[in-house]
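Just the heavy atoms: all of them, side chains too, but no hydrogens, waters or symmetry mates, feed the values below.
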Amino acid sequence: MPTWKDLTDADPSHSQNYARRWRMLAAQGKDVHGEARLADAMSERHSRILDAGCGTGRVGGELARRGHEVVGVDIDPLLIEHAEHDFPDVEWVVGDLSADDIPEGDFDLAVSAGNVMGFLAEDGREPALRNIFQSLKPGGRFVVGFGSGRGWSFDDFLTTAQSVGFQVDSTFSSWDLQVFSATSTFLVAVLSRPGANLLA
């Protein structure tokens with residue numbers, strides 16, 4: 001499967017089209033905040049949240065609006081420009097989850113929406129999960145969703161996550177927590193970094 005960089009190198013308008021699509025959906029009144037609602041529900045007020053693969057800031061910006069301290073990281077500078085324009089009070093960083101250190105760290109929660117995992121290069125999958133794992137405080141959680149057919153099977157994803165230290169807490173087939181089964185075509189996984197409970 002092509003990585004995000006493969007797509008943008010092949011079609012320089014890809015990022016703008018992606019950003020335009022989400023703006024259009026929001027303008028049409030579509031629900032574009034399901035992922036943010038779940039991440040918000042999983043978090044204490046004023047939590048530190050990493051938006052891993054933040055794109056235009058759709059999820060992280062909504063979480064910041066709900067009172068959380070958000071840092072967003074994305075490999076695409078153009079999408080980061082959109083995020084900075086729309087949510088200027090949030091920290092947005094151009095970075096490669098697979099290769100670059102995640103800024104700050106000590107996050108209560110990380111969220112990765114929009115099929116980010118499916119756009120990682122195969123040799124960057126484990127490093128990206130390790131970087132996200134290390135950015136969390138002990139007891140911190142990672143909620144991540146992506147669709148099937150993107151070259152990374154759900155079983156392999158969960159096995160790789162466990163190999164870097166994550167505990168698999170729950171799996172669902174949608175961001176509104178529908179039951180996950182062997183025939184599900186979408187995975188939302190709640191992973192945690194073992195350690196102190198966030199409420200302790």
Side-chain angles (χ1 to χ4, degrees), residues 3-5 15 18-19 22 32-43 47-64 66 68-80 82-84 87 90-147 150 152 154 157-158 160-171 175 186-193 198:
T3 66
W4 188 265
K5 189 169 186 316
S15 298
Y18 175 83
W22 284 108
V32 297
H33 297 305
E35 303 101 325
R37 282 197 306 275
L38 177 57
D40 179 56
M42 292 174 61
S43 305
S47 289
R48 287 179 42 75
I49 298 179
L50 170 68
D51 188 352
C54 61
T56 60
R58 174 179 59 87
V59 176
E62 177 65 12
L63 288 167
R66 292 171 180 245
H68 300 291
E69 180 186 344
V70 176
V71 175
V73 178
D74 199 279
I75 197 170
D76 191 322
L78 193 148
L79 297 184
I80 289 291
H82 279 275
E84 289 172 336
F87 309 101
V90 178
E91 182 179 353
W92 305 109
V93 178
V94 176
D96 183 341
L97 293 171
S98 299
D100 300 329
D101 290 336
I102 293 173
E104 298 192 34
D106 207 31
F107 292 101
D108 301 300
L109 183 79
V111 59
S112 183
N115 285 310
V116 169
M117 295 295 113
F119 288 113
L120 294 172
E122 188 171 350
D123 62 358
R125 293 170 178 173
E126 184 176 325
L129 288 175
R130 184 177 296 108
N131 282 343
I132 293 167
F133 178 86
Q134 291 173 347
S135 78
L136 293 168
K137 62 173 58 172
R141 293 184 289 176
F142 178 33
V143 56
V144 51
F146 67 104
R150 295 183 173 272
W152 198 358
F154 298 149
F157 168 79
L158 295 172
T160 305
Q162 289 173 308
S163 77
V164 304
F166 276 115
Q167 175 178 300
V168 179
D169 295 338
S170 305
T171 54
W175 288 95
F186 198 85
L187 168 70
V188 173
V190 179
L191 313 175
S192 61
R193 176 175 180 168
L198 289 175

Do you know which two heavy atoms are closest between [X] and [Y], and how far apart they sit?
| X | Y | value |
| --- | --- | --- |
| Val144 | Met117 | CG2-CG, 3.5 Å |
| Ile102 | Asn131 | CD1-O, 3.5 Å |
| Arg141 | Leu136 | O-CD2, 3.5 Å |

Do [X] and [Y] make a side-chain contact, defined as non-hydrogen atoms from C-beta onward lying under 4.5 Å apart?
| X | Y | answer |
| --- | --- | --- |
| Tyr18 | Asp76 | no |
| Phe87 | Glu62 | no |
| Ile75 | Phe119 | no |
| Asp40 | Leu63 | yes |
| Ser47 | Leu109 | no |
| Ser112 | Ile132 | no |
| Val116 | Leu97 | yes |

Open item on the list: For the OG1 atom of Thr171 and the CZ atom of Phe154, what is their distance to the nearest 0.5 Å?
Closed with: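 Spacing of OG1 (Thr171) from CZ (Phe154) equals 10.0 Å.
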Open item on the list: To the closest 0.5 Å, what do you measure between SG (Cys54) and CD1 (Ile80)?
Closed with: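 Reported to 0.5 Å precision, the distance equals 3.5 Å.
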- [ ] Would you please classify the geometry between the Phe133 ring and the Phe166 ring as parallel, tilted or perpendicular, with 30° and 60° separating the classes?
- [x]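 Perpendicular: the ring planes of Phe166 and Phe133 meet at over 60°.
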Task: Neighbour count above 12 (heavy atom, 6.0 Å) for Asp101 CG - done: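 For Asp101, atom CG is not crowded (no more than 12 foreign heavy atoms under 6.0 Å).
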- [ ] Tell me, please, whether Phe157 has Arg125 positioned over its six-membered ring: NZ or CZ under 6.0 Å from the ring centre and within 45 degrees of its axis?
- [x]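 Output no; distance or angle outside limits.
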